[in-house]
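Encoded as structure tokens, the structure appears first; notes follow it.
Here, residue 1 is the first one in the sequence, and each next residue gets the next number. Keep in mind it's a predicted model, so treat the numbers as computed, not measured.
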Amino acid sequence: MSGTLYGVGLGPGDPELITLKAARLIEGASTIAYPTLAGGDSFARAIAAGLIPKGAREIRMDVPMSTERQPAQDAYDAGAAEIAAVLEAGEDVVCLCEGDPFFYGSFMYLFARLSGRFDTQIIPGVTSVTACAARAAMPLAARNERLTILPGPLPEMELRSRIDGAESVVIMKVGRHLPKIRAVIEELGLTDQAMYVERATLPEEVVLPLSQAPEKAPYFSIILLTKGADPWL
């Protein structure tokens, strides 16, 4: 009998935001898997480090940060093959994923490769969106209000039209795209309604009005934007 693959969401970074179910699975794991920046450390592993049993087998997937898709695809191919060998031997594998596995989560790439062959269970985690809203004390949506989530790498014209037609907006993967995003929001006259959050829930967290945001942003940064009067009053 094959083992079960668990895609475990860890939340945005604070280990105390790991769910009880995720913690139980990690503590009982004989094999864990996680992505790393090629040649570097794993953010996912760092979040769960205090729960990983001594002696657990660890499968590292070294994923290069590149605009080219093929190197990352090759890394997930190799990781999936190593995970499959463990599952075929009848052992479960717990795959760690920062945030939520199905919300811009790295686990989706393994799910696409392995879920058709093995029992796969998804353990949701606290998303960066909800964590940033909480840390910024900024409600995002109420009643019938729409929430629009946009990736920062979108072309400038598309960002402008999507933001212009939205009610509440979350812009993710800000990083090196911050100057472009900031310029679009300024052109729309919405800077005073936007908040900037980087590394939410971590000791080095930064929460500022967008007008006070730094010139450079890390990959783990988000902009929150709401329009009009407070709809929850």
Side-chain angles (χ1 to χ4, degrees), residues 1-15 17-131 149-153 172-173 175 219-220:
M1 232 178 135
S2 298
T4 298
L5 174 62
Y6 294 93
V8 175
L10 302 174
D14 181 352
L17 292 178
I18 296 175
T19 66
L20 292 174
K21 187 168 187 176
R24 175 176 59 80
L25 287 168
I26 297 166
E27 288 176 327
S30 59
T31 301
I32 62 168
Y34 49 83
T36 70
L37 291 177
D41 297 326
S42 167
F43 181 38
R45 191 194 187 286
I47 298 172
L51 299 171
I52 298 172
K54 290 183 179 179
R57 178 195 290 119
E58 300 191 21
I59 297 175
R60 294 171 53 102
M61 292 168 284
D62 291 322
V63 182
M65 287 295 287
S66 169
T67 55
E68 296 181 12
R69 291 181 57 84
Q70 194 56 49
Q73 297 299 320
D74 292 343
Y76 285 115
D77 284 343
E82 194 170 352
I83 291 169
V86 177
L87 295 171
E88 287 169 349
E91 294 185 41
D92 296 340
V93 177
V94 172
C95 185
L96 308 179
C97 181
E98 61 262 21
D100 180 271
F102 277 1
F103 185 73
Y104 291 106
S106 57
F107 181 75
M108 287 187 286
Y109 304 110
L110 295 174
F111 181 82
R113 289 164 169 78
L114 296 170
S115 62
R117 298 166 53 196
F118 303 101
D119 178 35
T120 304
Q121 298 188 26
I122 312 302
I123 314 303
V126 175
T127 69
S128 56
V129 170
T130 49
I149 299 175
L150 303 172
M172 303 185 61
K173 304 180 183 180
Y219 178 80
F220 290 110

If I take atom [atom1] from residue [X] and atom [atom2] from residue [Y], how far apart are they, to the nearest 0.5 angstrom?
X	Y	atom1	atom2	answer
Thr120	Arg113	OG1	CZ	13.5 Å
Lys173	Ser128	NZ	OG	10.0 Å
Cys97	Tyr109	SG	OH	10.0 Å
Leu5	Phe107	CG	CZ	4.0 Å
Ile59	Leu96	CD1	CG	11.0 Å
Leu110	Asp77	CG	CG	10.0 Å

So, for [X] and [Y], which heavy atoms are closest and what is the spacing to 0.1 Å?
X	Y	answer
Ile123	Thr19	CG2-OG1, 4.2 Å
Ser30	Glu91	OG-OE1, 3.4 Å
Gly11	Ile47	O-CD1, 3.9 Å
Met61	Ala33	CE-CB, 4.2 Å
Val63	Pro35	CG2-CB, 4.3 Å
Tyr34	Ile32	CE2-CD1, 3.9 Å

Side chains of [X] and [Y] in contact at under 4.5 Å (non-hydrogen atoms):
X	Y	answer
Ile26	Ile52	yes
Tyr76	Ser106	yes
Phe103	Ile149	yes

Set of salt bridge (Lys or Arg N to Asp or Glu O under 4.0 Å) partners for Arg60, sequence neighbours left out: Asp62
query: Among all residues two or more places apart in sequence or in another chain, which pass the side chain to side chain donor-acceptor pair (under 3.5 Å) test with Thr130?
result: Thr127
- prompt: Pairs in or reaching into residues 2-14: which pass side-chain hydrogen bond (donor to acceptor under 3.5 Å, both in side chains), with residues at least two apart or in two chains?
  reply: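 Matches after skipping sequence neighbours: Thr4-Asp119.
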message: Looking at Phe43, I'd like to know if its CZ atom is crowded, meaning that more than 12 non-hydrogen atoms belonging to other residues, nucleotides or ligands lie closer than 6.0 Å.
response: yes
- prompt: Does any donor atom in the side chain of Asp74 or Gln70 lie under 3.5 Å from an acceptor atom in the other side chain?
  reply: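 Result is yes, a qualifying pair exists.
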